[in-house]
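We number each residue from 1, following the sequence as shown.
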Amino acid sequence: MPPAQAAAHPFQNPALPLEQRVNDLLGRLTLDEKLSLLHQSQPAIPRLGIAYHKNGTEALHGVAWSNHLNDNWNQKFASGTVFPQAVGLASTWDPALIKKVGSAVGDETRGYNAVDPILWGLQVWAPVVDLIRDPRAGRNEEGYSEDPLLTGAISTAYGKGLQGDDPFYLKAAPVLKHYLAYNNETNRSLTSSNLTPKLKHEYYEPAFKAAISADAATGVMASYNLVNGRPNHVNPDLNTAVRSWTDKTLYNPSDAWGPHALTDLERYYDNKPEAFAAVLKAGLDSFTIDGSDIGPMVTNLKAALDQGRITVADVDKSVRGVLSIRTRLGHFDPDGGPYKKITADVINSAANKKLNRETAGKAAVLLRNSGVLPLAKPASAAVVGPLSGKLYRDWYSGQLPYQVTPLDGIKERVGDVTTGQGLERIALKHVASGKYITATGTGPDANAGLIDTAPGAASQWDLTDWTGGVSTLRNAGNGRLLGGDWRSLDTDDAEPDGWYVSQQFALERQSDGSHLIRYAGYETVESWFGLPDAYVGVSADGTLGLVPKAQAAKFAKEVVSDGVAEAAAQAARAEVAVVVVGSHPFVAGREFHDRDNLQLGEGQRRLIEAVRKANPRTVVVLETSYPVIVDAPTLLWSTHAGAETGHAIADVLFGDVNPAGRLTQTWPASDQLPSILDYDLAKTGMTYLYGRSKPLYAFGHGLSYSSFAYQGLSVQGEKVSVKVTNTGRAKGDEVVQLYTHQRDSRFTQPVKQLRGFQRVTLNPGETRTVTIPLKRADLAVWDYTRNKWAVETATHDVLVGSASDRIRQSTTLRVTGESIPVRDLTRTTRAMDFDDYSGVAFADEAKSGGEVVEGSAGDWISFTGAAYGSRFTAAVASVSGGSIELRSGSPAGRLLATAQVPATGGIYQYGTTSAAAVAGKGSLYVVFKGDLRIKDFSLAR
């Protein structure tokens, strides 16, 4: 590092404290320069030697993509190491390994930045810590787990790896996505996640808190959705709760277009100066809007300043965030800081390829094993299925620089290998005309039409049933996919790719044996598309296009050749068969699109059954981004795991890697699930925490080629210890999982809750004592009667095992804490601090903060274990007026009081209502009569 005197200004002097450097630079900036730094695309400031900087390099499981200055509508893809999808990283249950992965991604981020610092910024938008509490959510592969503790451990490891080990400087600056309670894509900017205070504090916040409090992330990104009626882009928690978790300066960005949604979509504010001011005051420091054009943001923030909605001090507070992080990235050091020396030679290095293979192998989960695995040097193998010879990237990965497919991996070990995709090749004959859907070329104007009168190569299609009933159709003549290209049909795309993915169709069988062809391209949900119920139709002149279902044409599905039968025949001749099936990351659900169900495609299910019937020594490799409902006697799951997928799968199949991956979310036995929009796990029974029905595969499930015995469980002080012995014949890893259940509580408790875990490697016959911390504070619950954490006096079941449903040892722990006092409703009580509810929604008290309960006639909230007096007073708001009934014991119980609620003039205009009541103890029900909001109430003596 050059001597300190080489710095022209104090902010460039690495010897000075961070705060002094930031203060110096802040004092040198003009207002226009300060405002420019509030944008994702921060222009250079030549007079101070400050270079251009762009936020938001995507780095979820490897450097993925970014957008170049002045070319923001075209993704620029990386082609470095693509590690397993995030849900796969977490399935390793190995934070030490994931820290290495994060470090490799941080290195490659620096490598790309060295090549093009304009394109590849060092603020990375990763990891995603949204809890994947519903497997139908389109972004399932981006998250780690349905459990907050596991999510927090993996995100902390990945974030620390990205940042590097320097106590001050950052290799990259990770941002956690997306705050808060964001797990549905359907109407994502309009739906509100209704969170009870208990679940907010105990479930939804901790995943974010873990990484922030461990200083493993430099900020959080606001999510598109609303929480309790307020858009997350103006969630005051960003300034209060989130910043309270660390003493480091955070730098919180918006999501893309999010600030504009406040006016343009959500209509939450009347104008942009008001909205942009609210964004800044709520705790966001960066506007991800308008590509590289800072003009609209600057205009609106200046208007907000002129109108007195924000002050220069508000601007300075956010600018301090960006200056702090950029200083720690080395942007203002004369030599660029210690990580500036990293160059492009780290990209896709041999070491990273090796790490990628190791990670993919450790992530694989053996769901079932009939004894076929591990394979013992078979002389021949049939390797079949739509994913046997092909790997796919996802929306948040870079381009694969090379591919080692499952077929490749197996061919390296078996001399005689046959293969096939196991697909039907079909022709689609228009019933009315007798002509076939025929490709005419691969150009953008080469529209498919009804041409062939007998199936030729151009009118034959390889049908891949992916998941959820959605398929792709690849033309046998030109190898391209059929797509619904802005309501016409063409074959100009090699893969289902891009934002709208127009190459998706569903063949819907009719009672007469014909089929309708539903178009499932993603743009059908856009208002401008204007045809949400789109099907393939035929116009009077014979042109193919997309029409409403009522006008859909009927087609006969003719099987030209049966790849399923061919695959079964190959399997019958081989010593072993490997069927590789699963999902396509761009098809049947992705960002902006949830899934309707969790079914593996019918064609893939038929392939599995046909091959199994032909050869009992069949292994099914399932490669998906999310749980699907499928079963087989020998079943290995992998997420889409990057370029080394084939090596990793072969390593597991042949026993070089003893599988020890574990599921990080529950795989439901049925896709008849509660509404994806209902975030109250305690009521819906979603996740292992509150679920009571038997799943297909439980949270934490995963098998091994070894067996493990547990004995000697003990709890001493704040440690839980258990002896684990490898009783098998092979060296292997066991993931020891610690759960607890609180037997007695004032509050609803989870069925069980993960408290810690450890992945350990044991040789055959080896015994090790595994010790996992269990602190008294870990057992605290959110006491919403007093708005504080509390450790109750209670007995806890202490449960240790290899999965949430495979508890091997248990004991009890008596904890001396406190007893929650009788609820005193004579004091002012927030309506949101109820014990139970029915029908109500949770809403924003004001746009700036606060939460209330909103209900209509018959809705109710209840308060149990309460004492209350005879003078009822409530703060209420209502447009049309109504009344409140107080009842004892149930919503239809004894009437204690009725309070009239006059119209107050608006939902944010609160008045007071009061009534005489009957004092008492027990359960009090507050019943809504009419449309109104309740902020708080008291029943004074």
Side-chain angles (χ1 to χ4, degrees), residues 7-9 11-12 14 21-22 24-26 28-59 63-78 106 108-125 169-175 218-219 221 251-254 256-257 259 284-299 301 315-316 318-337 339-344:
H9 303 292
F11 76 85
Q12 296 167 323
R21 297 178 69 181
V22 169
D24 175 71
L25 178 51
L26 186 67
R28 297 176 186 277
L29 297 173
T30 67
L31 176 60
D32 282 349
E33 289 167 343
K34 291 176 182 179
L35 292 175
S36 75
L37 293 173
L38 298 180
H39 198 263
Q40 66 162 336
S41 186
Q42 298 165 17
I45 306 175
R47 71 181 186 86
L48 294 174
I50 295 174
Y52 171 84
H53 168 71
K54 178 189 174 296
N55 289 337
T57 295
E58 299 290 356
V63 183
W65 51 267
S66 186
N67 304 101
H68 214 288
L69 177 65
N70 300 322
D71 189 14
N72 285 277
W73 302 113
N74 291 317
Q75 291 172 292
K76 308 297 183 183
F77 288 97
E108 294 200 12
T109 302
R110 279 282 176 172
Y112 275 105
N113 179 259
V115 173
D116 188 346
I118 302 298
L119 173 60
W120 302 107
L122 295 173
Q123 188 209 52
V124 294
W125 288 350
Y169 287 98
L170 298 166
K171 188 180 345 182
V175 170
T218 59
M221 174 186 285
Y251 176 45
N252 300 330
S254 81
W257 196 74
L284 287 181
D285 308 308
S286 177
F287 290 75
T288 310
I289 55 174
D290 303 310
S292 302
D293 183 2
I294 69 170
M297 180 202 71
V298 171
T299 297
L301 288 176
V315 173
D316 286 352
S318 288
V319 172
R320 285 181 185 277
V322 64
L323 297 183
S324 174
I325 298 307
R326 290 191 63 177
T327 301
R328 295 178 65 199
L329 285 168
H331 283 184
F332 310 136
D333 282 22
D335 67 349
Y339 293 113
K340 184 70 173 178
K341 63 186 178 184
I342 299 175
T343 57

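Residues M221 and W125 have side chains in contact (heavy-atom distance under 4.5 Å, counting atoms from C-beta outward). A heavy-atom distance below 4.5 Å is not found between the side chains of D290 and M297. At least one side-chain heavy atom of I294 sits less than 4.5 Å from a side-chain heavy atom of P43. The closest side-chain heavy-atom distance from R28 to F11 is below 4.5 Å. Side-chain contact check for S41 versus Y52: some heavy-atom pair is nearer than 4.5 Å. The side-chain heavy atoms of L122 and R110, taken from C-beta on, include a pair separated by under 4.5 Å. L301 is not listed as a side-chain neighbour of V298, based on a closest heavy-atom distance of 4.5 Å or more. Using a 4.5 Å heavy-atom cutoff, the side chains of Q123 and V175 are in contact.
Within 6.0 Å of NZ in K340 there are 12 or fewer heavy atoms belonging to other residues, nucleotides or ligands.
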Inset, instruction - Take W65 and E58 through the side-chain contact (heavy atoms from CB on, under 4.5 Å) test and state the conclusion after the steps. - result: CA-CA 6 Å; W65 51 267; E58 299 290 356; 3.8 Å; yes
Inset, instruction - Walk me through it: do E33 and R47 pass the test salt bridge (Lys or Arg N to Asp or Glu O under 4.0 Å)? - result: CA-CA 11 Å; E33 289 167 343; R47 71 181 186 86; 2.8 Å; yes
Legend entry - Audit row: L323, L29, side-chain contact (heavy atoms from CB on, under 4.5 Å) steps and yes/no: CA-CA 11 Å; L323 297 183; L29 297 173; 4.2 Å; yes
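Residues L38 and D285 share a closest heavy-atom pair of CD2-O, 3.5 Å. Of all the heavy atoms in S66 and K54, the pair that sits closest is OG-NZ, 3.4 Å. Between T109 and G121, the shortest heavy-atom contact is CG2-O, 3.9 Å.
A donor-acceptor contact under 3.5 angstrom links the side chains of S286 and N55, judged on distance only. Residues H68 and D116 bring a donor and an acceptor atom of their side chains to less than 3.5 Å of each other.
Relative ring orientation between W120 and Y112 is described as tilted, the plane-to-plane angle lying within the 30° to 60° band.
D333 and R326 are not joined by a salt bridge, as no carboxylate oxygen comes within less than 4.0 angstrom of a charged side-chain nitrogen. Between D316 and R320 no salt bridge is recorded (no basic side-chain N to carboxylate O distance below 4.0 Å).
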